[in-house]
Each structure stands twice: as C-alpha cells, then as structure tokens.
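One structure below.
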Amino acid sequence: MSDGTDVVLCDVREEPLSVDEVLDAVRHSQCGGIALFVGVVRDHDNGADVAALDYSAHPSAVETLQRVCAEVGARHGVARLAAVHRTGHLEIGDTAVVVAVAAAHRGEAFTACRDLIDTLKSTVPIWKHQRFADGSDEWVGLP
C-alpha cells in the first residue's frame, strides 16, 4: 500500500454488479473501517411509479470516475476507494452503483463514502432514462 490513496477499482459496466467484488477490492490490513454504499433501483420517483430504467454513460465516464475517486481520497486522507456503476437496462431492485471506502478509522470512511457517492452522482457523465408505469418517461442527469 502506498503512503497516499489507492483507487483500486473503477468501472462502468453492463453486467450485474457485485457488492463482494467492491468490498474485497478495498480491504487492507491497515484499514479498520470500511464504508459501503449500494444504490438500487426503486419503484418510485417524485410521486410516480417507476417501471424500469436504463443508464447510459459517456465514453469518458470511467476516466472521470477515476479522477473523482482520487480527488475524494485526497480530500479525506483515506487509504482505498472503489466505485462501479451499472449501465444498460435495470429492473426494480437491481443494483445500480456500489462504492466503498477504506480508512484507518470508521469516521473518515463514512465521510469519504458519502462524498464519493454524492460527487459521483453530480460529476460522472452517466444518465438515467426512467420509464414510468403510466407509459411516460424522463431523462435524469443530462447536461
């Protein structure tokens, strides 16, 4: 392990995500705290019933995600970070994103994990196309 932050896993993929893969990627003997966030597709948004959704990503998404992980790690002085986001068609209950942060102590891990998911959602060029039960749809996150 280096003296700084290690970004150990960053990916955007169509295949189903593994929480265990992300968790295992950040484990390290110097880290006593691991914070994990798992985002899943819910059945509603802003009062409307969601039927399913599709995620699309810009070709630069992985590069941007790596940069976000490095920046969050540097801000919080944590040891290891990982983030994986799904693209393609997702059904209700499917895992859409998994992020994990490992640090010497739990406080830093929790704070950095929240910063990582919030910064990912606001910065990484991934867009959500929601399809509602009434047949309508909307895009979320378009520039």
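Position 1 is the first residue of the sequence; numbering continues from there.
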Test side-chain contact (heavy atoms from CB on, under 4.5 Å) applied to Asp43 and Val50, step by step: CA-CA 5 Å; Asp43 66 358; Val50 174; 5.6 Å; no
Would you say [X] and [Y] are hydrophobically clustered, going by side-chain heavy atoms of ILVMFWY under 4.5 Å?
X: Val8; Y: Val78; answer: no
X: Leu120; Y: Val140; answer: no
X: Val99; Y: Val12; answer: yes
X: Tyr55; Y: Val38; answer: no
X: Val19; Y: Ile117; answer: no

On the 0 to 90° scale, with breaks at 30° and 60°, tag the Trp127-His58 ring pair as parallel, tilted or perpendicular.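 Ring orientation of Trp127 relative to His58: perpendicular.
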Could you check whether any side-chain heavy atom of [X] comes within less than 4.5 Å of a side-chain heavy atom of [Y], counting everything from C-beta outward?
X: Arg75; Y: Thr119; result: yes
X: Val41; Y: Glu91; result: no
X: Phe37; Y: Val97; result: yes
X: Thr64; Y: Pro125; result: yes
X: Thr87; Y: Ser56; result: no

Taking NE2 in His105 as the centre, count heavy atoms belonging to other residues, nucleotides or ligands within less than 6.0 Å. Is the count above 12?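 No, because the 6.0 Å sphere around NE2 of His105 holds 12 heavy atoms or fewer from other groups.
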Residues, nucleotides or ligands: over 12 heavy atoms within 6.0 Å of Arg106 CZ: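 No, because the 6.0 Å sphere around CZ of Arg106 holds 12 heavy atoms or fewer from other groups.
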Tell me whether [X] contacts the main-chain N or O of [Y] through its side chain, where contact means a donor paired with an acceptor under 3.5 Å.
X: Arg86; Y: Ala96; answer: no
X: Asp24; Y: Glu21; answer: no
X: Thr111; Y: Glu108; answer: no
X: Thr5; Y: Ala70; answer: no
X: Arg42; Y: His44; answer: yes

For Leu81 and Val26, run side-chain contact (heavy atoms from CB on, under 4.5 Å): C-alpha distance rounded to whole Å, both residues' side-chain angles, the deciding distance at 0.1 Å, then the answer. CA-CA 6 Å; Leu81 296 96; Val26 298; 5.6 Å; no
Residues Asp118, Lys121: salt bridge by 4.0 Å N-O rule: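 Answer for the salt bridge query: no.
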Looking at Arg67 and Glu63, does any basic side-chain N land under 4.0 Å from a carboxylate oxygen?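 The answer is no: the pair does not qualify as a salt bridge.
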Atom OG1 in Thr95, atom CG in Leu90: separation rounded to 0.5 Å?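 These two atoms lie 8.5 Å from each other.
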With rounding to the nearest 0.5 angstrom, report the CG to OG distance, Asp49 to Ser136.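 Going from CG on Asp49 over to OG on Ser136, the span is 10.0 Å.
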Go through the steps to decide whether Asp45 and Gln130 satisfy the test side-chain contact (heavy atoms from CB on, under 4.5 Å), and finish with yes or no. CA-CA 9 Å; Asp45 190 35; Gln130 294 190 118; 2.8 Å; yes
Under a single-linkage rule joining Ile, Leu, Val, Met, Phe, Trp and Tyr whose side-chain heavy atoms are separated by less than 4.5 Å, which residues share a cluster with Phe110?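 Its cluster mates, by chain and number: none.
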Taking it one step at a time, do Val84 and Arg13 satisfy side-chain contact (heavy atoms from CB on, under 4.5 Å)? CA-CA 8 Å; Val84 183; Arg13 56 176 81 142; 3.9 Å; yes
Among residues two or more places apart or on two chains, list those pairs meeting salt bridge (Lys or Arg N to Asp or Glu O under 4.0 Å) that have a residue in residues 130-143.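 Pairs touching residues 130-143 that pass the test: Asp54-Arg131.
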